[in-house]
A.B. asks: 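Before I ask anything, here is the structure I am working with.
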Protein chains: 2
Amino acid sequence: MKHKATSFDIAYKAGVSQSTVSRALRNSPLVNEETRKKVQAIAKELNYKVDKNASNLRSQHTGTLALLLFEDPTMDDSLINPFFLSMLGSITRAAARKGYDLLVSFQQLSEDWHADYEDASKADGIILLGYGDYTDYEEKLIKLHEQGTHFVRYGAVAEGQPGVSFGCDNFHGGYLATKHLIELGRTKFAFLGGADDSCPEFWSRYQGHCKALEEAGLEIRKDCQVNAISTEESGFNAAKQLMELDCEFDAVMGASDMIAIGGMRAFQEHGLKIPEQVAVVGFDDIPISHFTNPPLTTIQQNTKLAGEMLVEALVNLIHDIEVKASLTPAKLVVRKSCGCA
Amino acid sequence: MKHKATSFDIAYKAGVSQSTVSRALRNSPLVNEETRKKVQAIAKELNYKVDKNASNLRSQHTGTLALLLFEDPTMDDSLINPFFLSMLGSITRAAARKGYDLLVSFQQLSEDWHADYEDASKADGIILLGYGDYTDYEEKLIKLHEQGTHFVRYGAVAEGQPGVSFGCDNFHGGYLATKHLIELGRTKFAFLGGADDSCPEFWSRYQGHCKALEEAGLEIRKDCQVNAISTEESGFNAAKQLMELDCEFDAVMGASDMIAIGGMRAFQEHGLKIPEQVAVVGFDDIPISHFTNPPLTTIQQNTKLAGEMLVEALVNLIHDIEVKASLTPAKLVVRKSCGCA
DNA sequence: CTGAAAGCGCTTACAG
DNA sequence: CTGAAAGCGCTTACAG
């Protein structure tokens with residue numbers, strides 16, 4: 001590669017000082033209009049670009065945000081949770097709109113990630129995605145918070161969490177989905193997915209589910225809840241387990257779309273008709289849920305909004321503007337698996 | 001945030017010079033074992049992390065790779081081409097394995113992206129993804145190449161392209177898919193997707209498709225090819241157009257899975273049975289194709305391999321090791337839409 | 001409005 | 001094996 005142009009080269013060509021070049025390029029009001037134009041023209045001609053490392057080093061900020069995605073280490077290399085992927089898309093764009101670059105990193109649950117980013121001055125702040133298992137991370141989150149690292153997370157939102165959290169209104173989503181099924185006349189519900197505090201998001205969904213049941217005077221049958229993590233296979237296995245239990249059901253809520261989709265496969269392999277014999281709803285509204293057979297009724301998380309909120313909050317945090325946790329609305333998307341559309 | 005530790009702080013605490021700290025931290029063989037241990041212990045204690053901006057500035061490389069994803073500006077914010085997403089996953093991991101960070105950026109086709117990355121010394125090299133329309137970018141690619149920028153791209157691989165390109169063996173994939181349908185007894189083929197050099201990847205697939213037809217002595221009916229871009233909607237529209245043509249068909253190849261999936265919807269809405277009346281194959285093997293109704297027979301692109309090759313090639317390029325373009329194998333994945341499994 | 005100078009926190013010849 | 005010094009390419013007080 002040829003010699004890269006520096007601000008000194010431009011200064012020389014323009015007959016001004018290097019300081020003036022620096023100012024002109026950043027549109028400082030201190031610099032004369034004509035000088036600015038001349039400098040910018042020469043910069044363009046020389047294909048000059050400010051050296052980020054130098055400017056970041058000097059000004060002590062990076063102009064980049066780090067996105068840390070957490071995943072189960074068991075997952076196949078190319079199989080990222082589709083929901084995260086759509087968040088990734090909206091976060092990338094939101095960051096770009098705010099003028100930030102995005103550093104993306106997939107973290108295994110075991111790695112010692114906690115200090116790698118902002119401390120290494122690679123990023124001004126961190127976005128954390130995929131902490132289903134919040135409790136496992138609590139300690140690290142607290143440490144991050146103590147260090148004064150700027151970070152926001154997306155996931156379960158609860159009282160007393162360190163840092164700023166955003167998340168979908170999981171409780172209301174679980175409520176909405178279940179209520180919809182009840183209105184369609186279903187009465188015997190099963191739930192596929194973890195329902196305890198080891199997976200706070202699923203738990204909130206489950207609690208919303210239970211609330212709808214209660215309101216309708218329907219029995220909450222704890223034994224019709226089967227644990228599952230958010231994969232098709234886990235949903236499939238959970239559904240098989242459910243069918244072996246002594247538990248009649250005409251409606252099933254999956255704690256996520258992937259679980260619901262795996263569940264549908266198990267039911268269908270078992271000869272159960274969806275939605276006639278079993279109504280199924282999921283949660284997330286990942287793209288796949290349009291295309292399943294039957295298409296999956298689900299709760300949409302507004303990933304676009306969430307991505308924007310996350311980025312905006314983080315940028316505010318970086319600028320020491322106060323920010324508070326909030327919930328993104330959950331929206332029912334009715335398709336055929338619930339027996340309605 | 002508290003005062004961040006620098007190498008001088010460590011030097012002071014360890015009673016050595018700052019140069020020695022720097023060396024010790026990078027495991028230089030020049031430094032005494034004991035000194036090294038002491039320095040590293042103190043660094044850990046102070047939660048010290050090398051300032052990337054400073055070290056990059058000094059050593060003139062960044063340790064990061066930039067991934068530029070090109071997309072149609074018409075697409076919805078959260079709807080990234082699922083195929084790219086899976087490439088993204090495997091590239092991120094491959095980069096991490098090689099010790100590089102990954103900067104991700106979505107580019108609109110209109111933007112002046114070409115010099116923004118390596119020139120700004122944000123990245124040592126660039127990975128380009130999503131140039132379906134190679135011809136539109138030729139000029140920019142040439143410019144990048146001339147500048148000596150390190151880059152690799154994934155997409156159509158052709159003679160005389162600037163830089164290093166990787167891609168799926170699209171021709172063979174188109175051939176395989178079509179041959180499979182022929183062996184199942186289909187004789188009247190239609191093709192959904194662009195079939196000219198404005199979209200070189202689809203074109204190669206089409207040519208492979210035609211070769212299989214020729215080999216089998218089947219007629220190539222140019223009028224049964226309908227243009228489409230890689231979205232469900234475009235596939236849907238193309239299929240509707242096809243049905244309005246005076247063109248009988250019992251087998252349809254979609255230039256991509258999204259096209260095939262949209263096509264299936266159109267056929268089914270029109271009352272055609274898949275695969276009984278129309279066999280359908282796609283291309284890409286995106287996750288959705290497992291879950292369509294019927295599940296889609298398709299050609300798998302090995303995204304994991306591709307991601308690894310891309311990163312490895314780019315890293316070699318950065319170290320001035322020669323690298324040449326190559327193709328990733330195409331593999332037939334038989335599911336139900338072809339009427340076989 | 002402009003310039004000379006300092007300095008961000010490292011790495012790396014150079015000298016010992 | 002270690003240290004003193006230079007310098008990567010900027011930004012930003014400071015002085016005019």
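To find a chain, count down the sequence lines: A is the first, B the second, and so on, and within it residues start at 1.
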A.B. asks: Tell me, which of residues 25-46 of chain A have any heavy atom that sits under 4.0 Å from an atom in DNA chain D?
C.D. replies: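 Result for residues 25-46 of chain A: Arg26(A), sorted by number.
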A.B. asks: So, are Lys37(A) and Glu33(A) salt-bridged, with charged N and O less than 4.0 Å apart?
C.D. replies: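 Salt bridge: yes.
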A.B. asks: Provide, to the nearest angstrom, the distance between the CG atom belonging to Asn53(B) and the P atom belonging to dC8(C).
C.D. replies: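 Roughly 14 Å, once rounded to whole Å.
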A.B. asks: Give a yes/no answer on whether the side chain of Ser7(A) brings an N or O atom under 4.0 Å of OP1 or OP2 in dC10(D).
C.D. replies: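 For dC10(D), OP1 or OP2 has a side-chain N or O of Ser7(A) closer than 4.0 Å.
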A.B. asks: Answer yes or no: is there an ion pair linking Arg93(B) with Glu308(B), defined by an N-O contact shorter than 4.0 Å?
C.D. replies: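 No salt bridge links Arg93(B) with Glu308(B).
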A.B. asks: Assess the side chains of Gln40(A) and Asn27(A): does a donor N or O sit below 3.5 Å from an acceptor N or O?
C.D. replies: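 On atom types as modelled, these side chains qualify, holding a pair under 3.5 Å.
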A.B. asks: Identify the residue among Thr64(A), Thr62(A), Thr149(A), Asn56(A) that makes a side-chain hydrogen bond (donor to acceptor under 3.5 Å, both in side chains) with Asp124(A).
C.D. replies: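 Only one of Thr64(A), Thr62(A), Thr149(A), Asn56(A) forms a side-chain hydrogen bond (donor to acceptor under 3.5 Å, both in side chains) with Asp124(A), namely Thr62(A).
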A.B. asks: Which protein N or O atoms sit under 3.5 Å from an N or O of nucleotides 13-15 of chain C?
C.D. replies:
residue, atom, partner, partner atom, Å
dA13(C), N6, Arg23(B), NH1, 3.3

A.B. asks: Let me check I have this right: for DNA chain C, each base becomes ., (, ), [, ] or |, based on Watson-Crick or G-U pairs with both distances under 3.5 Å. What is the full string?
C.D. replies: |||.||||||||.|||
A.B. asks: Just how far, in rounded Å, is P of dC10(C) from CD of Gln60(A)?
C.D. replies: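 Result: 10 Å.
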A.B. asks: For dT11(C), take OP1 and OP2 only and decide whether either is under 4.0 Å from a side-chain N or O of Ser22(B).
C.D. replies: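 The answer is yes; a side-chain N or O of Ser22(B) sits under 4.0 Å from OP1 or OP2.
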A.B. asks: So does Ser17(A) get a side-chain nitrogen or oxygen closer than 4.0 Å to the phosphate oxygens (OP1/OP2) of dT2(C)?
C.D. replies: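 Ser17(A) to dT2(C) OP1/OP2: no side-chain N or O under 4.0 Å.
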